[in-house]
Amino acid sequence: MSEEEVEKVLKTEEEKIRKAFEERDWSEIKSADSWAIFKVMSEFVEGFEKLAKIGPCVSVFGSARTPREHHYYKVAEEISAKLVRHGYGVITGGGPGIMEAGNKGAHSENGKSVGLNILLPFEQFNNIYIDQDKLITFDYFFVRKVMFVKYAQGFVVLPGGFGTMDELFEALTLIQTKKIGRFPIVLVGKEYWSGLVDWLKTTMLEQEANINEEDLDLFSVVDNATEAVKVIDEFYSKYLLSPNF
């Protein structure tokens, strides 16, 4: 980011903090919150309308910062192409990096290529490999996350940052608490994920007993495209595919 962009972001953050401490009367609160409710509703309606008939899909997650020459970009592209050949569409966050690779792989096989974009002050823009009738841009992360889970029959999670972790643990929590049906979650890149998996096992499970041992079976860790798609295929060899809730 340029100095000008950084300054703009910092100024916006300061305005948000100051606004949180402002006193507002009931009419101001009611007016502002009513518009927010309608905006949230409109995003849900658009998402449901556009995604209701896309058929079986897999959500592919990963960093927006991954360059095109990176190993994981190529793996994401290969996974998505294989998923299409095996009868699935691909859903991504619609941006660059791993998301672009996912849409590119689906597009290369003439499969359904869905992009759930998010408006951010920097970094995010939609990639060119999304089907134009399946591109949706959201203001609200929580609405977008509902779409990722509701219309995906599996998650493939490549190396990424906070946003990727957010999506991963959202899905794990919903499955663990039985708020949605079980679907396969595949972490790609054993070297990248090994530290987190070790921490979940030794600290979260064995040391603190904050999860159950069977919770570690909610995801698989693989190293390549063939293994990733195999996990999803084997999971659904005995199930009929349908939206999760």
Side-chain angles (χ1 to χ4, degrees), residues 51 53-63 66 71-94 98-116 129-131 134 145-160 164-176 178-194 196-197 214-245:
L51 300 179
K53 298 180 180 180
I54 60 172
C57 283
V58 173
S59 289
V60 176
F61 299 100
S63 177
T66 305
H71 168 67
Y72 286 125
Y73 183 102
K74 300 180 190 308
V75 172
E77 187 177 349
E78 184 182 355
I79 288 172
S80 298
K82 282 181 178 290
L83 285 169
V84 168
R85 292 197 294 271
H86 286 229
Y88 302 92
V90 171
I91 302 173
T92 81
I98 295 297
M99 295 175 280
E100 177 185 282
N103 289 124
K104 185 178 180 182
H107 181 77
S108 70
E109 294 291 328
N110 297 314
K112 292 174 182 175
S113 182
V114 182
L116 307 183
Y129 302 104
I130 302 166
D131 298 341
K134 299 178 184 69
K145 286 200 290 186
V146 168
M147 303 305 157
F148 277 130
V149 175
K150 181 174 176 61
Y151 294 105
Q153 274 68 47
F155 275 20
V156 173
V157 190
L158 289 101
T164 301
M165 297 297 171
D166 181 38
E167 297 292 353
L168 169 60
F169 282 102
E170 173 90 4
L172 289 172
T173 301
L174 290 171
I175 293 172
Q176 179 204 47
K178 303 190 185 305
K179 287 297 184 180
I180 64 171
R182 172 84 180 266
F183 61 75
I185 298 175
V186 186
L187 309 184
V188 182
K190 291 181 180 179
E191 182 179 358
Y192 187 86
W193 296 106
S194 61
L196 174 62
V197 174
E214 57 266 29
D215 292 333
L216 296 177
D217 296 329
L218 296 179
F219 60 87
S220 303
V221 186
V222 304
D223 246 347
N224 58 58
T226 299
E227 292 173 343
V229 177
K230 182 180 179 183
V231 170
I232 293 170
D233 280 344
E234 288 183 349
F235 184 90
Y236 283 115
S237 63
K238 55 185 181 294
Y239 291 103
L240 292 175
L241 299 178
S242 64
N244 295 304
F245 61 88

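Heavy atoms only: backbone and side chains are in, while hydrogens, waters and symmetry mates are out.
- Of all heavy-atom pairs spanning K53 and K112, the tightest one is O-NZ, 4.0 Å.
- At distances below 3.5 Å, at least one donor-acceptor pair connects side-chain atoms of N103 with backbone N or O atoms of V114.
- Atom OH of residue Y129 and atom NE2 of residue H107 lie 7.5 Å apart, to the nearest 0.5 angstrom.
- With values rounded to the nearest 0.5 angstrom, L218 atom CG is found 11.5 Å from L174 atom CG.
- Identified under the salt bridge (charged side-chain N to carboxylate O under 4.0 Å, His left out) test for residues 77-86, with sequence neighbours left out: R85-E109.
- Take S80 and apply the side chain to side chain donor-acceptor pair (under 3.5 Å) test, not counting sequence neighbours, and it matches no residue.
- For the atom pair CG (L116) and CD1 (I130), the distance works out to 8.5 Å, reported to the nearest 0.5 Å.
- Separation of the F61 and F148 ring centroids falls under the 6.0 Å cut-off.
- Distance check, rounded to the nearest 0.5 Å: CG of L51 to CE of M147 gives 6.5 Å.
- Distance OG/S59 to NZ/K150: 13.0 Å, rounded to 0.5 Å.
- For E214, the CD atom sits in a packed shell: over 12 heavy atoms of surrounding residues, nucleotides or ligands are nearer than 6.0 Å.
- The minimum heavy-atom distance linking Y73 with E100 is given by the pair OH-OE2, 2.6 Å.
- One finds the CD1 atom of I180 at 4.5 Å from the CD1 atom of I175 (value rounded to the nearest 0.5 Å).
- No side-chain heavy atom of D223 sits less than 4.5 Å from a side-chain heavy atom of V188.
- Under the 4.5 Å side-chain criterion, counting only non-hydrogen atoms from C-beta, V157 is not in contact with E167.
- Inter-residue side-chain proximity for F169 and T164 is flagged as unmet; no heavy-atom pair is nearer than 4.5 Å.
- Of all non-hydrogen atoms in Y236 and G154, the two that sit nearest each other are OH-N, 4.4 Å.
- Remark: the S113 side chain and the D131 side chain contain no N/O donor-acceptor pair separated by less than 3.5 Å.
- Here E227 pairs with nothing under the side chain to side chain donor-acceptor pair (under 3.5 Å) rule; sequence neighbours left out.
- With sequence neighbours left out, D166 forms a side chain to side chain donor-acceptor pair (under 3.5 Å) with K145.
- The side chain to side chain donor-acceptor pair (under 3.5 Å) search around Q176 returns D215, not counting sequence neighbours.
- A side-chain contact (heavy atoms from CB on, under 4.5 Å) with V58 holds for exactly one of I79, V84, V156, V186; it is V156.
- Residue A171 comes nearest to F183 through the heavy atom pair CB-CZ, 4.2 Å, listed as atom of the first residue, atom of the second, then distance.
- Residues passing the ring pair (Phe, Tyr, Trp, His ring centres under 6.0 Å) test with F219, sequence neighbours excluded: none.
- When side chains are defined from C-beta on, I98 counts as touching Y72, because their heavy atoms get closer than 4.5 Å.
- I91 has its side chain out of reach of V60: every pair of non-hydrogen atoms, C-beta onward, lies at least 4.5 Å apart.
- When all heavy atoms of W193 and M165 are compared, the closest pair comes out as CZ3-CE, 3.5 Å.
- Between P56 and Q153, the shortest heavy-atom distance links the atoms CA-OE1, 3.1 Å.
- Here the side chains of L187 and V222 are not in contact, with every heavy-atom distance at 4.5 Å or above.
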